[in-house]
Amino acid sequence: MRILWIGIAILAIGLVVLLLSDPHGEVLGLSTDRFGNLVYLVALGAVVGSGVLFSGQRFGQTVRTLAIWMLIVLALMTGYEYRYELQDVASRVSGGLIPGSPLSAQDGDGRAIVTLQKGMNGHFDAEVEINGRPIRAVIDTGATSTVLSRADAERVGFDPATLHFNIPVSTANGVTTAARVVADDVAVGGIVRRRLPLLVAEAGRLDQSLLGMNFIGTLSGFDVRGDRLVLRD
């Protein structure tokens, strides 16, 4: 308990200093963010170090225990510093194992970033959740609207038998008609759009659903990096 109170005291003193300082200034020559991190590390080091030193171990055992803890802290710090590179590795692995699976992350402003891996067919497929139910769709920047195949429309809760196919649509195979519906939510990884209008293709007109520009156009940006497509909320 004494060790715990030492750590709490260090954190409390650091918190008071931060509260009394200018949030945009410096504390002891350090920015407030760096000073806060330093207080946290000192408190953690005091708790761990005190626990090891007063554990009754022999000197050699104490040194080994401290070395192990230092390696653990170093590994955690290294992982944090290279977190974006590790996300890229995870994206490649998950994309290879499960093509189209979106890898979600956040930028410095807390906005979602979703990375997709190119499929073996040369297209960017994505697992898209519509009304909470997953389907597979091709990312198509040439499509004005997001279009569902008849099978996918049924899968996400729309009944094609009750829809009116009266909207003309131009396709590579000519002009056809589609029905307009509105999805409660459309999500690709951590990027979600509410009340998004969609089109439902007639039976036999579309083999796979398309995620079009009425979704992609709402993003702050997207770009292709080799075999990866990055979507930014």
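As a basis for the values below, the full set of heavy atoms in this structure was taken, side chains included, without hydrogen atoms, waters or symmetry mates.
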> If Ile, Leu, Val, Met, Phe, Trp and Tyr residues are connected whenever their side-chain heavy atoms lie under 4.5 Å apart, and connections chain through other members, are Leu163 and Leu148 in the same group?
Replying inline: yes
> Under 3.5 Å, side chain of Asp185 to main-chain N/O of Val192, donor-acceptor pair present?
Replying inline: no
> Can you find a pair of side-chain heavy atoms, one from Ile139 and one from His123, that are under 4.5 Å apart?
Replying inline: no
>> Between Ser209 and Ser149 (side chain of the first, backbone of the second, donor and acceptor by atom type, cut-off under 3.5 Å), is there such a pair?
In response: yes
> Is Asp223 salt-bridged to Arg232, cutoff N-O under 4.0 Å?
Replying inline: yes
> Which residue, Ile113, Leu211, Ile191, Thr115, forms the side-chain contact (heavy atoms from CB on, under 4.5 Å) with Leu231?
Replying inline: Ile191
> Roughly how far apart are Ile216 CD1 and Thr144 OG1, rounded to 0.5 Å?
Replying inline: 11.0 Å
>> Hydrophobic clusters here meaning ILVMFWY residues chained together by side-chain heavy-atom distances under 4.5 Å, can you tell me if Leu116 and Val230 are in one?
In response: no
> Hey, does the side chain of Thr146 reach the backbone of Gly212 with a donor-acceptor pair shorter than 3.5 angstrom?
Replying inline: yes
>> Would you say that Leu199 contacts Arg180 through its side chain, given a criterion of any heavy-atom pair below 4.5 Å between the two side chains?
In response: yes
>> Quick check: is Leu229 connected to Val186 through a chain of hydrophobic side chains (ILVMFWY, heavy atoms under 4.5 Å apart)?
In response: yes
>> Could you report the tightest heavy-atom contact between Val156 and Arg133, atom names first, then the distance?
In response: C-NH1, 3.6 Å
> How far apart are the closest heavy atoms of Arg150 and Ala203, and which atoms are they?
Replying inline: CD-CB, 3.4 Å
>> Let me confirm one number: the CG-CD distance from Asn131 to Glu129, rounded to the nearest 0.5 Å.
In response: 10.5 Å
> Which atom names give the shortest non-hydrogen contact between Asn214 and Pro197, and what distance separates them?
Replying inline: ND2-O, 2.7 Å
>> Contact between Glu154 and Val200 at the side-chain level, heavy atoms closer than 4.5 Å - yes or no?
In response: no
>> Under 4.5 Å between side-chain heavy atoms, counting indirect links through other Ile/Leu/Val/Met/Phe/Trp/Tyr residues: same cluster for Ile167 and Leu206 or not?
In response: yes
>> Can you tell me how far apart OG1 (Thr177) and CG (Asn166) are? Round to the nearest 0.5 Å.
In response: 8.0 Å
> Any chain of hydrophobic side-chain contacts (each under 4.5 Å) joining Phe222 to Val224?
Replying inline: yes
>> Tell me whether Ser220 contacts the main-chain N or O of Asp233 through its side chain, where contact means a donor paired with an acceptor under 3.5 Å.
In response: yes
> Can a salt bridge be assigned to the pair Asp184 and Arg195 using a cut-off of 4.0 Å between side-chain N and carboxylate O?
Replying inline: yes
> If you measure from CG on Leu198 to CG on Leu210, what distance do you get to the nearest 0.5 Å?
Replying inline: 11.5 Å
>> If you compare all heavy atoms of Gly190 against all heavy atoms of Ala112, which two are closest, and at what distance to 0.1 Å?
In response: O-CB, 3.7 Å
